[in-house]
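Within every chain, numbering begins at 1; the chains are lettered A, B, ... in the order of the sequence lines, protein sequences first and strands thereafter.
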Protein chains: 2
Amino acid sequence: MDINNFKYDEVGLNRFFGPLEAKIMELLWEQERSIKEVQQRLDQDKPINFNTVMTVMNRLVGKGVLKKRIQGRGSLFHPVQSKEDFIKDQSKKITENLLDGFGGVVINHMLDAMEEVDQTLLDKLEQKIKQLKEDKS
Amino acid sequence: MDINNFKYDEVGLNRFFGPLEAKIMELLWEQERSIKEVQQRLDQDKPINFNTVMTVMNRLVGKGVLKKRIQGRGSLFHPVQSKEDFIKDQSKKITENLLDGFGGVVINHMLDAMEEVDQTLLDKLEQKIKQLKEDKS
DNA sequence: ACAACACACTACAAATTGTAGTGTATTAAC
DNA sequence: GTTAATACACTACAATTTGTAGTGTGTTGT
């Protein structure tokens, strides 16, 4: 899975993908689809070439986020992970990366950010730490 | 400050900058320097053109991470933030972004990642949580 | 046999980053 | 005071990523 870029000025899946890639992923997380089906869906919003969609979908296969399954004449595409699992995995990677890259420097600010979003998070984290300490002893 | 890309397959400052940019930032976080001084430092490791260094340094000014200060004939460059502050700010942005972009989906995995850190960080976490709770009451 | 379709291969454009040439203006030296 | 070195602006090109799309090929269904 070579997705390893997080654009934190973007929104939603655009943080991990280009805009067209993101739209395609979204459609395929809904359900498995052929290139044609994806192209027709996208075309409803804005005219888009079949080959354009094909190229991008194949690139996503190359990146390891989509899989191709031959079915009769054509192929069907589906993500290798659910959307939730994808986001979870990437978030974990990013968080680990921040922590073991910059350690103590960032941890306070991560907590600040957590608190701003949801106060109950601190309790959850406290519990986890308590549990961790019990496990160790 | 238009740094908004986090490459989580890279190491250190390369997560935020290109490799050459990162080396230059590192040198300027040590101390304010002229283009010539930066170029000569880098040149010790590997031959590098003066204009190359100049271009990249000016681009970093354009991105808002460096400032230029005229001094006599030439200019001296320095980061607008300390290295620590830079990393803190970016980390906070990334964390907030993850949390309010993907909400509950990522929280547990962020906590998981936090659990995996070393003991001293865990202690820091506990302290920080305690402190945050006191602030509330 | 032919037309429609699925797909491979190829290519180009914008943006980002590293690279570096040429030209200009100011400073320093003789 | 003319020349030479220096600092810098301007410009350009290559590789990579992402969006875009043309052409060509082989299979299918009529």
Side-chain angles (χ1 to χ4, degrees), chain A residues 1-10 12-27 32-43 45-77, chain B residues 1-10 13-27 32-40 42-43 45-77:
Chain A
M1 175 93 69
D2 43 328
I3 298 293
N4 39 38
N5 221 325
F6 185 72
K7 297 160 225 151
Y8 44 106
D9 61 332
E10 294 283 349
L13 289 171
N14 283 14
R15 291 180 243 235
F16 300 105
F17 299 100
L20 177 55
E21 290 177 329
K23 281 182 214 148
I24 289 172
M25 289 307 293
E26 207 72 270
L27 285 173
E32 196 179 38
R33 288 182 153 103
S34 67
I35 300 175
K36 192 87 210 173
E37 284 163 350
V38 171
Q39 184 264 325
Q40 283 171 343
R41 269 307 204 92
L42 294 173
D43 203 61
D45 290 341
K46 199 184 135 210
I48 187 157
N49 184 279
F50 175 86
N51 279 343
T52 298
V53 177
M54 181 173 59
T55 302
V56 173
M57 284 173 74
N58 280 323
R59 282 179 187 160
L60 288 170
V61 172
K63 289 187 186 179
V65 290
L66 287 186
K67 267 204 174 148
K68 200 186 283 211
R69 189 169 67 84
I70 290 164
Q71 190 246 24
R73 35 181 164 182
S75 301
L76 294 179
F77 293 72
Chain B
M1 176 91 71
D2 43 328
I3 298 292
N4 40 38
N5 223 322
F6 185 71
K7 297 160 226 154
Y8 44 107
D9 61 333
E10 294 282 348
L13 290 170
N14 283 12
R15 290 178 242 234
F16 300 105
F17 299 100
L20 177 55
E21 289 177 329
K23 281 183 213 147
I24 289 172
M25 289 306 293
E26 206 73 90
L27 285 173
E32 196 179 38
R33 288 182 151 103
S34 67
I35 300 174
K36 192 90 211 170
E37 284 163 351
V38 171
Q39 183 264 324
Q40 283 171 342
L42 294 173
D43 203 62
D45 290 340
K46 198 182 137 214
I48 187 157
N49 185 278
F50 175 86
N51 279 343
T52 298
V53 177
M54 180 174 58
T55 303
V56 173
M57 283 173 75
N58 280 323
R59 284 179 186 161
L60 288 170
V61 172
K63 289 186 187 179
V65 290
L66 288 186
K67 266 204 175 149
K68 200 186 284 209
R69 189 168 67 83
I70 290 164
Q71 189 245 25
R73 37 178 164 179
S75 300
L76 294 179
F77 292 72

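- For the segment residues 16-24 of chain A, the set of residues with a heavy atom within less than 4.0 Å of an atom of DNA chain D comprises A:Gly18, A:Pro19, A:Leu20, A:Glu21, in numerical order.
- Ring geometry, B:Phe6 versus B:Phe16: the interplanar angle falls from 30° to 60°, so the pair is classed tilted.
- For A:Arg59, counting side-chain heavy atoms from C-beta on, the closest listed nucleotide (C:dA8, D:dA9, D:dG19) is D:dG19.
- Per the geometry, CG belonging to A:Leu13 stands 14 Å off P belonging to D:dT18, to the nearest Å.
- Between the CG atom of B:Asn49 and the CE atom of B:Met54 there is a distance of 8.5 Å, given to the nearest 0.5 Å.
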Candidate pair A:Val38 and A:Phe50, rule side-chain contact (heavy atoms from CB on, under 4.5 Å), full reasoning
CA-CA 9 Å; A:Val38 171; A:Phe50 175 86; over 6 Å; no
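- In this structure, CG of A:Asn49 is placed 11 Å from C1' of D:dG19, rounded to the nearest angstrom.
- Of the possible polar contacts, one joining the A:Asp43 side chain to the A:Ile48 backbone as a donor-acceptor pair under 3.5 Å is found.
- The separation between B:Glu37 atom CD and D:dT6 atom P is 14 Å, rounded to whole Å.
- The closest donor-acceptor contact from the side chain of B:Lys7 to the backbone of B:Phe17 lies under 3.5 Å.
- Rounded to whole Å, atom C1' of C:dT16 lies 12 Å from atom CG of B:Asp2.
- In this structure, the side chain of A:Glu21 does not engage the main chain of A:Val56 through any donor-acceptor pair within 3.5 Å.
- Between A:Ile35 atom CD1 and C:dA4 atom P there is a gap of 20 Å when expressed in whole angstrom units.
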Can you list the steps and then say if B:Asp2 with A:Asp9 is a side-chain contact (heavy atoms from CB on, under 4.5 Å)?
CA-CA 9 Å; B:Asp2 43 328; A:Asp9 61 332; over 6 Å; no
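- A:Arg41 places no side-chain N or O within donor-acceptor distance of the main-chain N or O of A:Leu27, the cut-off being under 3.5 Å.
- The CG-C1' distance, from A:Asn14 to D:dT18, rounds to 12 Å in whole Å.
- The side chain of B:Met54 lies closest to D:dC10, out of D:dG22, C:dC7, D:dC10.
- For the atom pair NZ (B:Lys67) and CZ (B:Phe77), the distance works out to 13.5 Å, reported to the nearest 0.5 Å.
- Contact annotation for A:Asn58: backbone-only contact, meaning every heavy-atom pair under 4.0 Å involves sugar-phosphate atoms and none involves a base.
- Between B:Thr52 and the phosphate of C:dG18, there is no side-chain N or O to OP1/OP2 separation shorter than 4.0 Å.
- In this structure, B:Lys46 reaches the sugar-phosphate backbone alone: every heavy-atom distance under 4.0 Å involves primed, P, OP1 or OP2 atoms, never a base.
- In terms of phosphate contacts, B:Asn51 brings no side-chain nitrogen or oxygen within less than 4.0 Å of OP1 or OP2 of D:dC8.
- The stretch residues 61-77 of chain A comes close to DNA chain D through A:Lys63, each having a heavy atom under 4.0 Å from the strand.
- Scanning atom types as modelled, one donor and one acceptor separated by under 3.5 angstrom connect the side chain of B:Thr55 and the base of C:dA20.
- Straight-line distance from the CG atom of A:Leu42 to the C1' atom of D:dA21: 15 Å, rounded to whole Å.
- Atom C1' of nucleotide C:dA20 and atom CZ of B:Phe50 are separated by 12 Å, given to the nearest angstrom.
- For the atom pair A:Leu76 CG and A:Leu66 CG, the distance stands at 12.0 Å (nearest 0.5 Å).
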